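Please read the structure below before turning to the comments.
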Amino acid sequence: METSKQSEALDLDRVRIDPSCAMKIPATLALRRQVLPFAVVDGHAYVACLNPDDRNAMQAVERALQLPVRPQLAEPDSLRRALERMFGDGTSAAGPAAGPRPGRPADRRRSGETESEDAVALCDDVLRSAVMRQASDIHIDPMKEAVRIRFRTDGVLDEYRQLPVAAQSGLVSRLKVLAGMDIAEKRAPQDGRFTYQAGGGSQMVDIRAATLPTKYGERMTLRLLALQTDSLTLERLGMAPEDLACFTEAIQKPHGLILLSGPTGSGKSTSLYAAVRRLIGQRDLNVVTIEDPIEYDISGVAQVEVDSADKVSFAKALRSVLRHDPDVVMIGEIRDGETADIAIKAALTGHLVFSTLHTNSAASAVTRLIDMGVARYLVAATLRLVVAQRLVRLSCEHCRQEIELTSQWAQLLGDPSLAGRTVYQPSGCMYCANRGFVGRLGLFEMMPVDASLSRLIAEGAGEVEIMGEMQRRGATRLIDDALRKLIAGDTVTEDVVRAVTVW
């Protein structure tokens with residue numbers, strides 16, 4: 001055991017906890033002695049505690065982890081919250097709202113224990129770990145000799161653990177029961193949903209489940225959608241001050257169409273939710289959203305979910321919504337000409353309409369709407385702002401190290417003159433669970449549509465002409481925003497190259 005030499009208490013609310021480390025010790029030990037192993041770095045386990053000099057507790061943690069420990073004095077309230085999120089209150093551990101019994105698989109493997117109990121505990125284990133790791137997806141992949149469980153965290157798939165093949169049936173069946181699926185049907189894809197209560201009920205997560213029959217059994221994918229939105233603000237998206245000012249000005253307009261563009265998983269919906277929260281926080285508005293699925297629960301907003309059976313399509317819901325006197329309408333995605341036509345008409349008739357499009361740049365959103373059959377003059381008359389968006393991983397500020405950008409990376413970034421510039425590469429530390437990253441950050445390209453740009457669109461300007469006009473105005477491109485954040489140390493070169501196309 002190494003003695004801690006820290007000068008101030010560690011705030012665990014600002015630390016990413018590795019559940020695969022924390023859950024290796026018994027809940028009774030963690031709660032009774034107020035200790036929580038939260039990261040393994042360079043072969044040492046970092047342990048948050050109230051008393052770093054408690055040698056008996058540290059030795060017990062060392063025996064459980066079979067690693068040397070480095071005790072870290074923790075801020076008491078943040079340690080209490082972290083223990084609650086991980087282990088509950090000791091009598092009712094975290095679990096799905098449907099009510100599985102608490103515990104971990106290791107706690108349940110006693111004589112007389114049933115396979116179903118193991119499945120319940122394993123389900124608890126996986127879900128709780130995914131929430132603690134802030135994963136967006138859980139992948140349960142049956143293979144020939146094992147079942148692989150992977151989490152998508154910060155946009156990257158990481159393997160969490162491998163299970164014996166025999167565990168697959170019980171785990172998937174348990175999740176199918178929670179999601180309201182037919183456990184007897186194993187040869188057809190199914191969809192379902194349930195709500196999971198983590199941290200003894202202190203955190204609720206809406207989970208969408210989907211199964212797919214494969215050669216070695218049913219594959220299951222779970223999408224985790226957080227129901228708490230307190231931290232969902234425009235300031236936390238990563239917009240530069242000038243971009244934030246542009247976006248805030250656009251959403252204050254009384255009517256018009258505001259579009260977020262980008263590929264799947266680029267954070268478009270999150271930005272729209274943040275915009276809606278900003279508006280309803282400023283004044284009393286009638287806001288209605290049409291989504292597939294509802295990703296965040298926002299108090300005071302009427303949220304409509306599109307039905308997969310097509311009883312409630314985007315177009316049908318939008319027609320009905322316009323009869324309910326909305327001030328603001330948010331459409332999850334403009335997918336077809338009918339939805340685009342109704343959205344445009346809503347924007348023309350005094351409504352502020354938010355939506356998303358799958359396009360590669362802000363300028364290409366205009367082309368996409370026209371391809372859907374919307375008349376150019378209508379696009380020009382209603383469009384107020386198009387925002388192209390991407391997501392990159394946010395580097396841990398505690399372990400990032402200076403490096404020189406090589407000429408090869410500079411070429412890939414489209415600017416050979418950047419070779420030799422200082423950028424940063426995270427190495428992993430106790431604050432980021434040895435991952436090097438602590439979340440994700442948005443990259444943005446703003447295209448406000450003023451009178452002159454509206455005239456260009458109406459007169460038939462294509463993407464090249466629109467991009468040229470944006471450059472003449474000195475608009476910040478996606479690659480410009482990405483390079484600014486790269487040089488500031490907020491992200492890494494690999495993510496920029498992967499996320500942004502130079503134009």
Side-chain angles (χ1 to χ4, degrees), residues 1-4 6 9-13 15-95 100-110 113 117-118 120-135 149 151 158 160-163 198-200 202-203 429-435:
M1 181 184 78
E2 295 190 14
T3 305
S4 172
Q6 45 183 139
L10 184 68
D11 183 359
L12 286 177
D13 292 333
V15 171
R16 172 165 284 189
I17 297 170
D18 183 356
S20 63
C21 175
M23 295 175 69
K24 285 181 179 177
I25 69 169
T28 51
L29 170 62
L31 296 171
R32 187 177 69 251
R33 307 304 288 266
Q34 294 290 285
V35 294
L36 182 66
F38 61 93
V40 176
V41 183
D42 296 331
H44 289 77
Y46 285 78
V47 182
C49 58
L50 297 181
N51 181 12
D53 297 324
D54 185 350
R55 298 188 63 85
N56 290 334
M58 293 304 111
Q59 287 170 358
V61 174
E62 278 189 340
R63 286 194 297 270
L65 299 178
Q66 296 185 344
L67 287 172
V69 302
R70 289 179 175 171
Q72 303 290 314
L73 176 65
E75 194 277 321
D77 288 340
S78 70
L79 177 58
R80 174 182 52 79
R81 288 189 291 269
L83 288 168
E84 285 179 358
R85 290 196 302 271
M86 182 59 63
F87 301 107
D89 59 8
T91 59
S92 58
R101 286 183 281 176
R104 295 161 46 237
D107 298 328
R108 292 183 174 274
R109 289 179 186 138
R110 302 182 296 268
E113 184 177 43
E117 288 177 321
D118 254 347
V120 169
L122 181 57
C123 172
D124 254 0
D125 216 21
V126 171
L127 293 175
R128 186 165 59 248
S129 297
V131 171
M132 290 300 297
R133 198 172 277 190
Q134 300 173 13
I149 297 179
F151 296 158
D158 289 324
Y160 172 60
R161 62 188 293 189
Q162 288 198 8
L163 302 173
S202 63
Q203 183 178 4
C429 66
M430 68 176 185
Y431 291 93
C432 58
N434 203 32
R435 295 176 60 86

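From a predicted model like this one, the values you see are computed outputs, not experimental measurements. Values reported hereafter were calculated over all heavy atoms of this structure, with side chains retained and with hydrogens, waters and symmetry mates removed.
- Two residues are said to be in side-chain contact when any heavy atoms from C-beta on lie closer than 4.5 Å; Val69 and Tyr46 fail this criterion.
- The shortest side-chain heavy-atom distance between Pro37 and Ile25 falls under the 4.5 Å cut-off.
- Within the 4.5 Å cutoff, the side chain of Val131 has no heavy atoms near those of the Arg128 side chain.
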Evaluate Asp13 against Arg81 for side chain to side chain contact (heavy atoms under 4.5 Å, CB included), listing each step before the verdict. CA-CA 8 Å; Asp13 292 333; Arg81 288 189 291 269; 2.5 Å; yes
Step-by-step side chain to side chain contact (heavy atoms under 4.5 Å, CB included) determination, Arg33 to Asp54: CA-CA 9 Å; Arg33 307 304 288 266; Asp54 185 350; 3.0 Å; yes
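- Taking 4.5 Å as the limit, some side-chain heavy atom of Leu83 sits within range of a side-chain heavy atom of Leu31.
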Test Val35 against Leu79 for side chain to side chain contact (heavy atoms under 4.5 Å, CB included), laying out the working first. CA-CA 8 Å; Val35 294; Leu79 177 58; over 6 Å; no
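- Of all the heavy atoms in Cys21 and Leu65, the pair that sits closest is O-CD2, 3.7 Å.
- In this structure, the separation between CG on Leu73 and CG on Asn51 is 8.5 Å, given to the nearest 0.5 Å.
- Salt-bridge formation is not detected for the pair Asp18/Arg435: no Lys NZ or Arg NE/NH1/NH2 atom is positioned less than 4.0 Å from an Asp or Glu carboxylate oxygen.
- For Ala433 against Ile17, the heavy-atom pair with the smallest separation is CB-C, 4.5 Å.
- Looking at heavy atoms from C-beta onward, Asp53 lies out of side-chain contact with Met58 at the 4.5 angstrom threshold.
- Remark: the backbone N or O of Ile149 is not paired with any side-chain donor or acceptor of Arg161 at under 3.5 angstrom.
- Closest approach of Gly43 and Leu67 over heavy atoms only: O-CD2, 3.7 Å.
- Side-chain atoms of Tyr160 and Ser20 form no donor-acceptor pair, as typed in the model, at a separation below 3.5 Å.
- Within the 4.5 Å cutoff, side-chain heavy atoms of Leu10 are placed close to those of Met430.
- Between the Ser78 side chain and the Asp11 main chain, no donor and acceptor come within less than 3.5 Å of each other.
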May I have the step-by-step check of side chain to side chain contact (heavy atoms under 4.5 Å, CB included) for Gln72 and Arg70, ending in yes or no? CA-CA 6 Å; Gln72 303 290 314; Arg70 289 179 175 171; 4.1 Å; yes
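- When side chains are defined from C-beta on, Met132 does not count as touching Met23, because their heavy atoms never get closer than 4.5 Å.
- A heavy-atom distance below 4.5 Å is not found between the side chains of Glu62 and Gln66.
- Closest approach of Pro52 to Pro71, counting heavy atoms only: O-CG, 3.9 Å.
- What you find for Phe38 and Val15 is that their closest heavy atoms are CD1-CG1, 3.7 Å.
- Put simply, the side chain of Ser129 never gets that close to the backbone of Val126: no donor and acceptor are under 3.5 Å apart.
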